[in-house]
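Values in this document were obtained by computation on a predicted structure and should not be read as measured data. By convention in this document, chain letters (A, B, ...) are assigned in the order of the sequence lines, proteins followed by strands, and residues within each chain are numbered from 1.
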Number of protein chains: 2
Amino acid sequence: MDIKRTIDDIDFQILNILQKKARIPNAEVARQVGMAPSAVLERIRKLEERGIIEGYEVRLNPEPFGQGLAAFVQVEIDPATANGDLETRLAELPGVQELHQVAGGDGYLLKIRAANARQLGQVLRDRLLTIPGVRSSRTQIVLNTVKETRRIDLG
Amino acid sequence: MDIKRTIDDIDFQILNILQKKARIPNAEVARQVGMAPSAVLERIRKLEERGIIEGYEVRLNPEPFGQGLAAFVQVEIDPATANGDLETRLAELPGVQELHQVAGGDGYLLKIRAANARQLGQVLRDRLLTIPGVRSSRTQIVLNTVKETRRIDLG
DNA sequence: GCTGAAATCCAAGTGCG
DNA sequence: CGCACTTGGATTTCAGC
């Protein structure tokens, strides 16, 4: 891995600190890695420039915003009737958090959130299945989320 | 929604700003919502206390860390041989980012990352299928990720 | 719950090693 | 690359309304 060779131990420490809690002062990061704040700032800036750090997000509890229900939807595509807008239209459906093209069939996997099953059903019937090129869908409702992180094991 | 009634317009504005870029100065948030920094600070603290803000994360590019391949794995469980450690053992498999219990059968849906297909296969064979209570698995490899966000539509 | 002021602390650039 | 220094700005607390 070309990029990885240039990520050293201190970078890993910095990234681990930011993975735990991203919204802390740069000076605090510097203290934890035992370096001057300006050095740490420079490292973070370079990690951002190199595309290793893609951004910083707040993690919100979906419940209070009427997004307490999660589901995964297998979307089967009919290549004959699909057009170039298909991916965009899928991605823009209300509540869609992830959209992946998956191997094995002409299909997409969608992660979507809604307030409840009724509302999810509405989106699937009225919005998803009316998109040209969508042949069928198969939905798996999430009963319980055991783990849900974006964190990557560094090291 | 009980909690939601107490989230007002300014809270929504603050959350939207933080959803775009969480690691910005509090004073900058205050400017954008037209309030004193101290007032914004107090609002953010309360949103954290109430569990509406769950935390702040850095979003890392998985590629340079040998996690460029993503996959979704349907795990079928045999309730007769499963024990209480099952969920923990699934969640602790290397590369697992999400673990959901799903409706329709005794199954879990796993989102997992690895460097490549060979390494993923290794984890599934040597680690997943050797967990007591795991009956079978069905893996969908991600060819292309169109959208991948944790963002919630506020409004 | 907000503002404004005060004290402390931080950000971000520069020059030096 | 990292550090020390510096200035302009940010954080955080608190009184007062």
In whole angstrom, what separates [X]'s [atom1] from [N]'s [atom2]?
X: A:Ile24; N: C:dC9; atom1: CD1; atom2: C1'; value: 15 Å
X: B:Leu41; N: D:dT13; atom1: CG; atom2: P; value: 7 Å
X: A:Ile14; N: D:dC1; atom1: CD1; atom2: P; value: 12 Å
X: B:Arg45; N: D:dC14; atom1: CZ; atom2: P; value: 10 Å
X: A:Glu42; N: C:dA11; atom1: CD; atom2: C1'; value: 13 Å
X: B:Arg23; N: C:dA11; atom1: CZ; atom2: C1'; value: 11 Å
X: B:Arg31; N: D:dG8; atom1: CZ; atom2: P; value: 16 Å
X: B:Ile44; N: D:dA10; atom1: CD1; atom2: P; value: 14 Å

N-O pairing of [X] and [Y] below 4.0 Å:
X: B:Glu92; Y: B:Arg127; value: no
X: B:Glu98; Y: A:Lys111; value: yes
X: A:Arg23; Y: B:Glu57; value: no

- Task: Take B:Glu48 and B:Arg45, measure what salt bridge (Lys or Arg N to Asp or Glu O under 4.0 Å) needs, and give me the verdict at the end.
- Result: CA-CA 5 Å; B:Glu48 290 168 351; B:Arg45 276 220 195 103; over 6 Å; no
- Between B:Pro25 and B:Pro37, which is nearer to the 5' end of DNA chain C once each is assigned its nearest nucleotide?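 Nearest-nucleotide comparison on DNA chain C picks B:Pro37.
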- Item | 5' precedence on DNA chain D between B:Asn26 and A:Val40 (nearest-nucleotide basis) |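 Closer to the 5' end of DNA chain D: A:Val40.
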- Query: Looking only at side-chain N and O atoms, does A:Arg43 come under 4.0 Å of OP1 or OP2 in D:dG2?
  - Reply: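 So the side-chain polar atoms of A:Arg43 do come within 4.0 Å of the phosphate oxygens OP1 or OP2 of D:dG2, strictly under.
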- From the options D:dT11, C:dC2, C:dC10, select the nucleotide whose nearest atom is closest to the side chain of A:Ala27.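 Out of D:dT11, C:dC2, C:dC10, the nucleotide with an atom closest to A:Ala27's side chain is C:dC10.
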- Message: Between D:dA4 and A:Ser38, counting only base atoms on the nucleotide and side-chain atoms on the residue, is there a donor-acceptor pair under 3.5 Å?
- Response: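 Answer yes: a donor N or O sits under 3.5 Å from an acceptor.
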